[in-house]
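What you see is a predicted model; the values in this text were computed from it and never measured.
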Amino acid sequence: ELLENNLILDAIYCISDPIRPDVPNAIEKCHQAGIVVRMITGDNIETAKAIAKECGILTDDGIVLDGPTFRKLTPKELDEKLPYLQVLARSSPVDKYNLVSRLNGSNLPENKEEWEAVHQGYDYETYKDILLPGYRQEWEEKRGINDIECSREVVGVTGDGTNDAPALRVGDVGLSMGLCGTEAAKEASDIVILDDNFSSIVKAVLWGRCVYDNIRKFLQFQLTVNVVALILTFICAVKGKTPPLNAVMMLWVNLIMDTMGALALGTEAPTSELLNRLPYKRTTGLISPTLWRNILVQSIFQ
């Protein structure tokens with residue numbers, strides 16, 4: 001007490017953990033690519049808001065919630081806030097798990113027994129529409145029976161701690177940190193970010209879209225050749241004439257087309273333009289109607 005008398009305040013020092021310089025640009029690229037970035041953290045809500053604004057995650061119409069407020073929401077109330085929820089502060093691993101489950105509908109209780117196993121000590125009929133993450137029937141009813149797959153968000157989850165493992169598993173793509181992540185998180189994830197850098201996630205999205213588009217290009221090329229060969233063989237068989245290509249020739253054409261076409265179209269490098277379009281829906285087929293149209297038109301031309 002004697003030492004604490006007659007003190008003079010000289011200065012106040014603040015310690016700041018600055019964000020990486022490339023993070024705002026990476027988040028902007030995610031927004032251009034149609035990817036919604038949400039921050040889930042255990043930090044104070046004011047700290048989380050400041051970091052989210054600095055990174056470009058929090059926008060003017062975005063919603064910020066803290067863990068206690070989030071846990072008081074009913075499934076219906078959360079669904080109303082989900083499109084605008086951008087920051088969840090003071091959150092627990094269970095909050096992260098519930099948020100992911102509500103977005104993509106994964107691992108929701110299917111019946112009364114599963115619900116009671118998750119919420120032990122609570123009456124099913126009283127609390128089934130009150131406690132998160134809800135249950136399968138009400139989740140589907142709110143989204144429409146005929147539009148379930150379209151309503152399911154494709155969710156990528158990042159995490160580095162052991163407590164993040166459940167959320168990493170329930171997400172469509174789990175991404176763990178290679179440098180500071182625990183072994184439990186790495187085992188639960190699908191992709192390990194070796195440099196713990198958010199911009200590496202953007203690169204993963206870029207390469208994923210590139211591989212997907214390359215597969216489509218190869219299928220279009222290969223199916224066009226096969227459709228032409230099939231039509232020629234079928235017409236010749238109907239008319240009773242000798243087909244222009246026998247079995248050996250067909251095998252040779254397929255051999256050349258498979259190897260050369262795969263090398264030419266399957267190894268095309270990604271371009272930045274791939275991030276300027278929205279992601280494909282979960283229900284989008286690998287061979288789209290546009291692809292079928294191109295195959296048929298090119299087959300007629302050949």
Between [X] and [Y] (salt bridge meaning N to carboxylate O under 4.0 Å), is one present in this structure?
X    : Y    : answer
R282 : D172 : yes
D123 : K112 : no
R102 : D79  : yes
E138 : K142 : yes
R71  : D95  : yes

Subject >> All salt bridge (charged side-chain N to carboxylate O under 4.0 Å, His left out) counterparts of D160, not counting sequence neighbours >> reply: none
When you measure from the side chain of [X] to the backbone N and O of [Y], does any donor-acceptor pair fall under 3.5 Å?
X    : Y    : value
N276 : Q32  : no
T284 : K281 : yes
N104 : E153 : no
T158 : L175 : no

Closest non-hydrogen atom pair, [X] against [Y]:
X    : Y    : answer
A184 : T162 : CB-CG2, 3.8 Å
L58  : Q86  : CA-OE1, 3.2 Å
V157 : L168 : O-CD2, 3.3 Å
E268 : N214 : O-ND2, 3.1 Å
R20  : D195 : NH1-O, 3.6 Å
I19  : P24  : CD1-CG, 3.8 Å

Out of curiosity, does [Y] fall in the hydrophobic cluster containing [X] (side-chain heavy atoms, cut-off under 4.5 Å, transitive links)?
X    : Y    : result
L103 : V94  : no
L275 : I191 : yes
V87  : L82  : no
L274 : L286 : no
M39  : I45  : yes

Compare all side-chain heavy atoms of [X] with those of [Y] and state whether any distance is below 4.5 angstrom.
X    : Y    : answer
L65  : L85  : yes
V227 : I295 : yes
P133 : L108 : yes
R277 : R209 : yes
S106 : R152 : yes
V155 : V170 : no
V202 : C30  : yes
P93  : P166 : no

Original post:
So is R38 actually on top of Y84's ring, under 6.0 Å and inside 45° of the axis?
Top reply: no
**OP:** Mark yes when over 12 heavy atoms from residues, nucleotides or ligands other than K29 sit less than 6.0 Å from its NZ; otherwise mark no.
**Re:** no
Examine the side chains of [X] and [Y] and answer whether a donor and an acceptor come within less than 3.5 Å of each other.
X    : Y    : value
Y97  : D164 : no
N197 : S200 : no
Q120 : E116 : no

So, taking the atom named [atom1] in [X] and the one named [atom2] in [Y], what distance separates them when rounded to the nearest 0.5 Å?
X    : Y    : atom1 : atom2 : result
T271 : D213 : OG1   : CG    : 8.5 Å
D43  : L88  : CG    : CG    : 11.5 Å
N111 : Y135 : CG    : OH    : 12.0 Å
I215 : Q220 : CD1   : CD    : 14.0 Å
M177 : I193 : CE    : CD1   : 5.5 Å
L132 : L99  : CG    : CG    : 9.5 Å

**OP:** Any chance you could lay out the side chain to side chain contact (heavy atoms under 4.5 Å, CB included) test for I287 and L223, step after step, and finish with the verdict?
**Re:** CA-CA 10 Å; I287 303 179; L223 289 177; 3.7 Å; yes
**OP:** Please state whether the rings of Y212 and Y280 are parallel, tilted or perpendicular, taking 30° and 60° as the class boundaries.
**Re:** tilted
Original post:
Which residues satisfy the side-chain hydrogen bond (donor to acceptor under 3.5 Å, both in side chains) test with S189, sequence neighbours excluded?
Top reply: S176
Original post:
Below 6.0 angstrom between ring centroids: does that apply to Y124 and W115?
Top reply: yes
**OP:** Could you go through the side-chain hydrogen bond (donor to acceptor under 3.5 Å, both in side chains) check for N107 and S101 one step at a time?
**Re:** CA-CA 7 Å; N107 216 31; S101 298; 5.8 Å; no
**OP:** Determine, stepwise, if the pair R216 / S288 fulfils side chain to side chain contact (heavy atoms under 4.5 Å, CB included).
**Re:** CA-CA 9 Å; R216 279 188 157 188; S288 63; 3.7 Å; yes
**OP:** Using ring-ring contact (aromatic ring centres under 6.0 Å, His included) as the criterion, list what pairs up with Y122, not counting sequence neighbours.
**Re:** Y127
